[in-house]
Amino acid sequence: MKQSWRWFGPKDPVSLDDVRQAGATEIVSALHDVPIGEAWTVEGVARHKALIETTPTGRSPLAWTVVESIPVPDDVKRLGKGATASIAAWIASLEAVAANGIHVVCYNFMPVVDWARTDLDWPLPNGATALRFDNDRFAAFEMFILKRDGAERDFDAATQARAKRAFEAMSQADIDELIRVIASALPGSTTDPLTIPAFRERLSQYRGIDHARLRQHLVEFLQAVTPHADRLGVRLTLHPDDPPRPLFGLPRVASTAADYRALFQAVPSPANGICFCTGSLGVRADNDLPAMAQEFGPRIAFAHLRATRREADGASFHESDHLDGDVDMVRVVQALVQETRRRPGSERIVFRPDHGHRMLDDLTKSVTPGYTAIGRLKGLAELRGVIRTIETLEGHLI
Ligand code: DNO
């Protein structure tokens, strides 16, 4: 397996030397400054690649191996193949990426909001902090801040009562912070930051789009882009919904094994792959991750390895240490190591330690939420230990 690290560019507080010291050899990155929907150019990608791959004398090289993400604009999700200009721009970006020798691209198809949390610095008993999705605070946002029509239908009576109490205890500053966290796009998001009025407007544009229609739009998107990906030798990896269930009354179509199975059946092209994100998929108790890693093995070109722990209410979760969540990480890694062994060296699965806790010196530094240096370094080191153990015990170092 190839060890990678997400890097947000020159403004990232984590430097490329930090990445080298963490032990990763591959970089996962994107042109974060290009507005969503605008085509990337060959030169733009080349400039970013040079930042990563121009190695100072005496340092070990890093390679930009995965693009995460080329954002899929909102109109593609609403209109499918009718969003011709957005799809053409996406294909142009793909061409620019492939022209620079990058052959794995991650994307997602979550409507309106990319990954969602309610708390970015939730205190853990050891003094570190974690990302968290608190369903009561989320319900408070939906019912009393966004005031979405029918939101209460998505929450049971006990949750509604707790959400009301949580909302009543919030100061205006707490409310502003919750809006910022939920609506204004977390790091790496592929959706635009929204104010509350803009959020309501976006939601209204989705009227009539149910699960079947959204899936159909994703299939149409894949039917349009996979022939180009095939021709260019690029693997497209669909990131799961995070969390993997409907939010804001909108459908989500990359949450379960059945979702991915349906997509692979509809668009069998080998370019149609999955970004195997254990933290996202693991939020659902009915996702059997080791079984999914085996079933979808040949379609996995990229993996996000992190763990989440479901809380007592069944809907809240927080990010745990990489080996200590609900996911059976050792068995997932074993399936990925075995899949990697069946492939030629150039197609080894690339993984990154996703989201780390905020801990040690990072507690007093300015950090990118989830993308701390030390928490991710700890996660990568733990994962590397698991991989080395499996490879050694199974008798093949790869
Ligand atoms: C969050 C990430 C997301 C993810 C995109 C994939 O940490 O997992 O930003 O990269 O949704 O397209």
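When a ligand or atom number is given, it counts from 1 through the structure's own listing order.
Protein heavy atom nearest atom 3 (C) of ligand 1, with residue, atom name and distance: Trp115 CD1, 3.6 Å. Taking atom 10 (O) of ligand 1 as the reference point, the nearest protein heavy-atom neighbour is Glu68 OE2, 2.2 Å. Of the protein's non-hydrogen atoms, the one nearest atom 6 (C) of ligand 1 is Ser69 OG, 3.2 Å. The closest protein non-hydrogen atom to atom 8 (O) of ligand 1 is His239 NE2, 3.2 Å.
Proximity of Asp154 to Arg148: side-chain heavy atoms (C-beta onward) are separated by under 4.5 Å at one or more points. With a 4.5 Å cut-off on side-chain heavy atoms, Glu26 and Leu62 do not count as touching. Side-chain contact between Thr372 and His357 is absent, with no heavy-atom pair separated by less than 4.5 Å. For the pair Trp64/Asn100, no side-chain contact is recorded, criterion being any heavy-atom separation below 4.5 Å from C-beta on. At a threshold of 4.5 Å between non-hydrogen side-chain atoms, the residues Phe276 and His304 do not count as touching. Proximity of Ser29 to Ile52: side-chain heavy atoms (C-beta onward) are separated by under 4.5 Å at one or more points. The shortest distance between side-chain heavy atoms of Pro187 and Phe8 falls below 4.5 Å.
Short contacts between ligand 1 and His304, defined as distances under 4.0 Å to a heavy atom of the residue, involve ligand atoms 8 (O). Of all the atoms in ligand 1, the ones that sit under 4.0 Å from a non-hydrogen atom of Asp114 are 3 (C), 5 (C), 11 (O). Contact atoms of ligand 1 toward Gly188: 9 (O) (distance under 4.0 Å to a heavy atom of the residue). Contact atoms of ligand 1 toward Asn108: 5 (C), 6 (C), 11 (O), 12 (O) (distance under 4.0 Å to a heavy atom of the residue). Listed by atom number, the atoms of ligand 1 under 4.0 Å from Tyr371 heavy atoms are 1 (C), 2 (C), 7 (O). Under a 4.0 Å criterion applied to the non-hydrogen atoms of Tyr107, ligand 1 contributes the atoms 12 (O).
Relative ring orientation between Phe264 and Tyr260 is described as tilted, the plane-to-plane angle lying within the 30° to 60° band.
In Arg6, the part holding a heavy atom less than 4.0 Å from any atom of ligand 1 is the side chain.
In terms of N/O distances under 3.5 Å, ligand 1 is not approached by Ser189. Considering both main-chain and side-chain atoms, Thr190 never comes within under 3.5 Å of ligand 1 through any nitrogen or oxygen pair.
With Phe138 as reference, Phe248 is the one residue of Phe167, Phe144, Phe248 to meet the ring pair (Phe, Tyr, Trp, His ring centres under 6.0 Å) rule.
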